[in-house]
Number of protein chains: 2
Amino acid sequence: MSPRMGLTKEQIIEVAVELANREGIEAVTLATLAKGLNIKTPSLYNHIEGLEELKKQLALTGLTRLLENMTDAVVGKVGDDAVHALANAYVQFSRENPGLYELTLATPNPEDVEIQEAGKGIVELVIQVLENYKLKDEDAIHAVRGLRSLLHGFASLEQKGGFGLPVNLDKSLHLIITTFLAGLLHT
Amino acid sequence: MSPRMGLTKEQIIEVAVELANREGIEAVTLATLAKGLNIKTPSLYNHIEGLEELKKQLALTGLTRLLENMTDAVVGKVGDDAVHALANAYVQFSRENPGLYELTLATPNPEDVEIQEAGKGIVELVIQVLENYKLKDEDAIHAVRGLRSLLHGFASLEQKGGFGLPVNLDKSLHLIITTFLAGLLHT
DNA sequence: CTACAAAACTAACACCATTAGTTTTATAAT
DNA sequence: ATTATAAAACTAATGGTGTTAGTTTTGTAG
């Protein structure tokens, strides 16, 4: 064991996650984070390299948890059932973790290898779920891009208040997915 | 005329737009903006209330120009033709104005009345373009939400490097829209 | 040419991230 | 128990923000 066990990186990130979800990603600063941990700001540098690395870790955490939720949602399901479950899990995650979800894409440099790897997991899951629709080669890639666009666009617009009207959002999501799947069969 | 005509709000915003598109929205600070205008930071307060108002003005500018581009793209077109033109204009705008497009949604408080009004213009255009598909009441709303989700999701993921694979992106967009429209007819 | 109002300025403050150097402290070995 | 040590947490300092207050400059209108 270390000569002195203080905070762990995991604890720090967990507090940062709660901060992001509760107060918004603007509130994720080393100053407020340190305050939440009852330490002084410079002490954070014993565990993380700086604000950029923190943001990256948060993006990784978000992608990992999002993938977990999506994976759990589709086990034992196939076809339309699986896609709807996947979509619901995606949107539910963004609703329950608004800050963390936003950080998932608001990362400093998206080309980072670790970020790309984490994102790849989600892409692969979507590919699996769309496998039953017997799409050929490139068409599968286009379809995956379409579904991801739908999910991210919906989650993002919902979060940013883009949908003004008082019409049920879950109904919208279900119908949108239904429409997309119907289109897959007729093109 | 004023006792002393210096900078105009329009000039300031134009420089800010170029800054956002060229260097990214992180670079949009009063400090760098002032430097680009060859004045000191506090002088900006003679024209704008602060950073928040600047961001809001940029969001409004972005929404206005995006709507213009979309409107120009659909004149004289109907049906699938119009939707594809709309989609192309949307994505083209986000590609040519990455920073400004991002600021369109990254505004401090999305509930702002002026922001809502500007966004409403885009929604109404999308409604018009989907009118030919004889959607009933609520279904029209769901369809508009779907198309907006697709467009924003695609533009956002493309910009954030979410689409890794070296497969043609314009082809993806075309096929995605085609799929969505086909789905509208078969549900 | 003069008065004035707006524009631009300097000075100052609070907040932020970050670095360097010091002190504290929990553990591991004696 | 005592002590050495390495990590954790600290203080102090620097440079970058946005913002406010108060002063100076300057172009235009009379």
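By convention in this document, chain letters (A, B, ...) are assigned in the order of the sequence lines, proteins followed by strands, and residues within each chain are numbered from 1.
Within a 6.0 Å radius of CD in Glu14(A), more than 12 heavy atoms belonging to other residues, nucleotides or ligands are found. Within a 6.0 Å sphere centred on CD of Gln11(B), heavy atoms belonging to other residues, nucleotides or ligands number more than 12.
Between the side chains of Thr29(A) and Thr32(A), at least one donor N or O sits under 3.5 Å from an acceptor N or O. Inspection of the His152(A) and Ser156(B) side chains reveals an N or O donor paired with an N or O acceptor under 3.5 Å.
Between Gly6(A) and Thr32(B), the residue anchored closer to the 5' end of DNA chain D is Gly6(A), taking for each the nucleotide with the nearest heavy atom. Checking Asn38(B) against Lys35(A), the closest nucleotide of DNA chain C that is more toward the 5' end is the one next to Asn38(B).
Going from atom CG of Leu33(B) over to atom C1' of dT19(D) covers 15 Å, rounded to whole Å. One atom, CG of Leu44(B), and another, P of dT20(D), lie 13 Å apart when rounded to the nearest Å. In this structure, the CG atom of Asn46(A) is 14 Å from the P atom of dT11(D), given to the nearest Å. Lys40(A) has its NZ atom 16 Å from the C1' atom of dA13(D), to the nearest Å. A straight line from CD of Glu49(B) to C1' of dG18(D) spans 14 Å, rounded to a whole angstrom.
The CD atom of Glu10(B) sits 9.0 Å away from the CD atom of Gln57(B) when rounded to the nearest 0.5 Å.
The span of DNA chain C lying next to chain A, judged by atoms under 4.0 Å from heavy atoms, is bounded 5' to 3' by dC16(C) to dA28(C).
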Between protein and nucleotides 28-30 of chain D, what N or O pairs are separated by less than 3.5 Å?
unit_1	atom_1	unit_2	atom_2	d
dT28(D)	O4'	Pro3(B)	O	3.4

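The side-chain heavy atoms of Val129(B) and Leu147(B), taken from C-beta on, include no pair separated by under 4.5 Å.
Ring geometry for Tyr90(B) versus Tyr101(B): interplanar angle over 60°, hence perpendicular rather than tilted (30 to 60°).
The minimum heavy-atom distance linking Leu63(B) with Ile115(B) is given by the pair CD1-O, 4.0 Å.
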